[in-house]
Amino acid sequence: MADKVLMKGNEAIAEAAIIAGCRHYFGYPITPQTEIAAYMAKKMPKIGGVFLQAESEIAAINMVYGVASAGKRVMTSSSSPGVSLKGEGLSYLAGADLPSLIVNVQRGGPGLGGIQPSQSDYFQATRGGGHGDYHMIVLAPASVQEMAELTIKGFELADTYRMTSMILADGTMGQMMEPVALDLKVNPAPEKPWATTGTKLQREHNIINSLSLIPEELEKFNFDRYERYKIVEEKETMYEEYMMEDADICVTAFGIAARVSKNAVDEARKRGIKAGMIRPITLWPFPVAPFAKAADKVKEFISVELSMGQMIEDVKLATSCKRPVTLCNRAGGMIPDPEQVLRAIEAAAKNGGVR
Amino acid sequence: MMDKRVYLLCGHYGSGKTNVAVNLALALKKERKKVAIADLDIVNPYFRTKDSAAELSAAGITLIASEYAGSNVDIPALPQQLYQLTDDKDLTAVIDVGGDDRGALALGRIAPALKEEQNYEMWAVINRYRPLTPDVPSTLEVLREVEAAGGLPLTGIVNNSNLGAVTTPEDILASVEYAEAVAKAAGLPLAMTTAEARLEPALSGKIENLFPLTLQKRPV
């Protein structure tokens, strides 16, 4: 075990970003993700990188825009209210087709909310977060090890598809400590012939921009972008299935809710209920296929969320509402416990899928 | 060995100061009448001494903590009963200091009185499995920063090296050499090596000054 280190989820994200070759970090402190900035502040100067505490979240996201334009791996991180401030920048990044990594360690909302964990920015993340037609690749880690691995994956996907990747974690994932193996493989950044790195009088100017005054042209940008999104949907969807082979009841959850739910599924099995779980790892693209398949077999779906029910809408879409989908939730910074999820599973089993 | 009135636990962020502090207070209470534990953490709003309030209260230990500790009010507040720690000479006090130099800054208010009284231990809690303190130079750097910010010289090292719930006896044995090297380089004694109580049978007799710990509650 000695090749592992004991890390907070936030620290794992920061270290993995450095391993991925990110040498530019811009942020503004907010609980519960401040360890990311603190870690970068300690480490970046020692490895020739840039750590900059910006004057605001808005400044930080626009610094990300600048570095991404120059073709370098770059990240910023924040928590819910801070990510809302970054919304405009996220839209501009999408409009200019710039790759970057954004981390949201969610806390309870709306408004300033509280500092306890939440998953109530699901809509914001999976629907883009700002104005206009676009998506981000949204990755939902459920362990400190995954915080590290998905950070690297996020940089790689961002570069491949010229998109923003978002790590959508929550306060628990950010604060919890677990051993992490850091011998992680990284695909180096691909050539970026579009980047503004200086023409050296050898080529035409590259222009990074999100302004299009000709509607026909802007329409084409949108159609082309969605062709690219289709490829992401086909090739990059990630999920974990747990005991789904013979499941009658399908629990679905991501992040910390999935860890709680797994305990409940195990306990339900001990009590003779055939429960299973689908854990989406990419929230966009949403893993439609396993849900569509399960919809022909299971009696009922239960969406376990730290929100008032957001992912549940994607579950209903993915299952074409073939079976009932019920919500098992806590909100405002509270976490469902395994007993609550177990009660929901037992109720579903008793109900037999008739609602 | 534990003959001082005040025990301060400082060190790098996430090294396990709070866990050690709670266990130390419980151990001291077995020998002494009047024991208090003070939460001076101005860095981290989570994983606070206050999380163990029920256990501490059941053991008859006074908890001195800001009323905002462990709440949603995320501000660096110090408890108003702070001066009891230096004024009440009948009190045995365990002081849980916040992480890194930023945390140690909170000691500025009480450091002069503690220095004058000369009846304290200022122990640096270290964990070689934490990412920013894997070796002697990096650990020493943090300890020097903590010492400078706190305005109070360190008097010993607590080796709290662990990998959380999956820690093996081998992990702890492998950390002793590191802890001894840190202590030697810092010119300080290695006051104790901690281990979760479940590991005690495998380690007893193999480690000097072994201090068994029970863990504070952890998230799911």
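Just so it is clear: chains get the letters A, B, ... in the order the sequence lines come, proteins before strands, and each one is counted from 1. Keep in mind that the numbers below use all heavy atoms, side chains included, and drop hydrogens, waters and symmetry copies. Just so we're clear, the structure is a prediction, and the values are computed from it rather than from any experiment.
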Quiz prompt | B:Tyr46 (side chain) donor-acceptor with A:Gln116 (main chain) under 3.5 angstrom | solution = no
Quiz item: Is the count of non-hydrogen atoms from other residues, nucleotides or ligands lying under 6.0 Å from A:Phe51 atom CZ greater than 12?
Solution: yes
Quiz prompt | Residues of residues 13-26 of chain B contacting chain A, heavy-atom criterion under 4.5 Å, by residue number | solution = B:Tyr13, B:Gly14
Exercise. Measure A:Lys43 against the heavy atoms of chain B and call it side chain, backbone, both or neither at under 4.5 Å.
Key: side chain
Exercise. To the nearest 0.5 angstrom, please state how far the CG atom of B:Asp74 sits from the CZ atom of A:Arg107.
Key: 7.0 Å
Quiz prompt | Per-residue contact mode, B:Asn127 against chain A (heavy atom under 4.5 angstrom) | solution = side chain
Quiz item: Does any heavy atom of chain A fall under 4.5 Å from the side chain of B:Ser71, the backbone, both, or neither of them?
Solution: backbone
Self-check item: Taking every non-hydrogen atom, the tightest pair across A:Thr31 and B:Pro45
Solution: CG2-CG, 3.8 Å
Quiz prompt | Side chain, backbone, both or neither of A:Glu11 within contact of chain B (heavy atoms, under 4.5 Å) | solution = side chain
Exercise. Could you tell me whether the side chain of B:Asn72 and the main chain of A:Gly114 form a donor-acceptor pair under 3.5 Å?
Key: no
Exercise. State the CE-CG distance between A:Met7 and B:Leu132, to the nearest 0.5 angstrom.
Key: 7.0 Å
Quiz item: Heavy-atom distance under 4.5 Å to chain B: side chain of A:Lys262, backbone, both or neither?
Solution: neither
Exercise. Over all heavy atoms of both residues, which pair between A:Pro179 and B:Val166 is shortest? Give the atoms and the distance, please.
Key: CG-CG2, 3.3 Å
Quiz item: Given side chains that start at C-beta, do those of B:Phe47 and A:Gln175 come closer than 4.5 Å, heavy atoms only?
Solution: yes
Exercise. Drop me the distance from A:Lys42's NZ to B:His12's NE2, to the nearest 0.5 angstrom.
Key: 10.5 Å
Quiz item: Charged N to carboxylate O below 4.0 Å: is that the case for B:Arg130 and A:Glu35?
Solution: no
Quiz item: Are there more than 12 heavy atoms of other residues, nucleotides or ligands under 6.0 Å from atom CZ of B:Arg109?
Solution: no
